[in-house]
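For reference, the structure is listed below as structure tokens.
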Amino acid sequence: MNDKIKVGFIRKAHGLKGEVKILPLTDDSRRFKKIKKLFLENSNESLIEYEVESVRIASDEVILKFKNVNDKDAADLLRGIFIYINREDAISLNDWEFYTQDLIGLSVYYKEENIGKVTDVLNTGANDNLEILLNKNSKHIYYPFVRTFIDNVDLEKGCLFVNQYEGFFD
């Protein structure tokens, strides 16, 4: 699924005409207005293409109508599903911006030593935090994904280099 980017999560049905409320997983929910097709993950973790009929932005949510989803019952069946777009349809990222899914799985290095692997990226408000599974004790730690604490992210090599002070990983 590396050719797809996760962009949202269907929270619930909205109204009676088949609309759904989406929690956007993007900085700018207005991007949904440009999307013509989305891919929904089914129970087999494969993706099914859906054509977008209409989009409205409502505060922190997106209200979206898929073609051929025409009533509340059909929309209810989509609750709890992640939605994706083709990677080539995604917006270009600025320097030092990454898609969350591209960070998950990266090996983490501190002073040339592989100390663990990124298992998740969590947004805690002020900044994102990397959840790192440490090699030495199999514990999860949270590390700020802040430019001053990270020397380099090399997606091609699958590596992330941190520079935090001594003792942080003990």
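All values derive from a computational prediction rather than experimental measurement.
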Item checked: Worked verdict on Asn152 versus Lys157 for side chain to side chain contact (heavy atoms under 4.5 Å, CB included) -> CA-CA 11 Å; Asn152 188 27; Lys157 292 183 180 176; over 6 Å; no
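- Between the CG atom in Leu130 and the CG atom in Leu122 there is a gap of 9.0 Å [rounded to 0.5 Å].
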Checklist line | Steps toward side chain to side chain contact (heavy atoms under 4.5 Å, CB included) verdict (Ile83, Ile22) | finding: CA-CA 9 Å; Ile83 58 175; Ile22 295 174; 3.6 Å; yes
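- Residues passing the salt bridge (charged side-chain N to carboxylate O under 4.0 Å, His left out) test with Lys6: none are found, sequence neighbours excluded.
- Taking the side chain to side chain donor-acceptor pair (under 3.5 Å) definition, one finds that Asn135 meets it with Asn114, sequence neighbours left out.
- Remark: Asp120 CG to Asn129 CG distance equals 10.5 Å, nearest 0.5 Å.
- Within the model, atoms CD1 of Ile81 and CZ of Phe9 stand 9.0 Å from one another, a figure rounded to the nearest 0.5 Å.
- When the shell of 6.0 Å around CG of Leu16 is examined, it contains 12 or fewer heavy atoms from other residues, nucleotides or ligands.
- Residue Ile132 holds its CD1 atom at 15.0 Å from NZ of Lys139, rounded to the nearest 0.5 Å.
- Remark: Asn86 pairs with Lys4, Lys37, Phe39, Glu88, Asp89 by the side chain to side chain contact (heavy atoms under 4.5 Å, CB included) rule, at least two apart or across chains.
- Under a hydrophobic clustering in which Ile, Leu, Val, Met, Phe, Trp and Tyr are joined whenever their side-chain heavy atoms come within less than 4.5 Å, directly or via other members, Ile63 and Leu78 fall into different clusters.
- Under the 4.5 Å side-chain heavy-atom criterion for ILVMFWY residues, no single connected hydrophobic cluster contains both Ile150 and Leu133.
- Between Tyr84 and Leu40 there is no side-chain heavy-atom pair separated by less than 4.5 Å.
- Between Arg147 and Asp151, the closest heavy-atom pair is NH1-O, 3.6 Å.
- Here the closest heavy-atom approach between residue Pro24 and residue Phe32 is recorded as CB-CE1, 3.7 Å.
- Looking at Glu113, its side chain never comes within 3.5 Å of a backbone N or O of Tyr110 through a donor-acceptor pair.
- Taking each heavy atom of Leu106 and Cys159 in turn, the nearest pair found is CD2-N, 3.9 Å.
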Please set out all donor-acceptor pairs under 3.5 angstrom arising from side-chain atoms of residues 49-56, sequence neighbours excluded.
| unit_1 | atom_1 | unit_2 | atom_2 | d |
| --- | --- | --- | --- | --- |
| Glu51 | OE2 | Lys67 | NZ | 3.0 |
| Arg56 | NH2 | Glu19 | OE1 | 2.9 |
| Arg56 | NH2 | Glu19 | OE2 | 3.2 |

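- Asn70 and Lys65 make their closest contact through OD1-NZ, 3.0 Å (heavy atoms, listed as atom of the first residue, atom of the second, distance).
- A heavy-atom distance below 4.5 Å is found between the side chains of Asn137 and Leu134.
- In this structure, Tyr143 contributes its side chain and Phe149 its backbone to a donor-acceptor pair below 3.5 Å.
- Linking Ile, Leu, Val, Met, Phe, Trp and Tyr residues whenever their side-chain heavy atoms come within less than 4.5 Å leaves Leu64 and Leu77 in two separate clusters.
- Rounding to the nearest 0.5 Å places CD of Glu41 at 6.0 Å from CG of Leu47.
- At least one side-chain heavy atom of Val118 sits under 4.5 Å from a side-chain heavy atom of Val108.
- Through direct or indirect side-chain contacts shorter than 4.5 Å among Ile, Leu, Val, Met, Phe, Trp and Tyr, Tyr109 is connected to Phe161.
- Interatomic distance, CG of Asp76 versus CD1 of Ile10, reported as 11.0 Å (0.5 Å rounding).
- For Lys117, there are no side chain to side chain donor-acceptor pair (under 3.5 Å) partners two or more places apart in sequence or in a different chain.
- Ile48 is connected to Ile5 through a chain of hydrophobic side-chain contacts under 4.5 Å among Ile, Leu, Val, Met, Phe, Trp and Tyr, so both are in one cluster.
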Next item on the list: Quick one: do Thr26 and Arg31 satisfy side chain to side chain contact (heavy atoms under 4.5 Å, CB included)? Show the steps, please.
Entry: CA-CA 8 Å; Thr26 175; Arg31 295 176 184 163; 2.6 Å; yes
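- Side-chain N or O atoms of Thr119 include one that pairs as donor or acceptor with a backbone N or O of Glu131 at under 3.5 Å.
- The shortest heavy-atom contact between Val62 and Ser29 is CG2-CB, 3.8 Å.
- In this structure, Asn94 contributes its side chain and Glu97 its backbone to no donor-acceptor pair below 3.5 Å.
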Checklist line | Verdict with supporting geometry, Phe145 and Leu160, side chain to side chain contact (heavy atoms under 4.5 Å, CB included) | finding: CA-CA 10 Å; Phe145 190 65; Leu160 184 139; 4.1 Å; yes
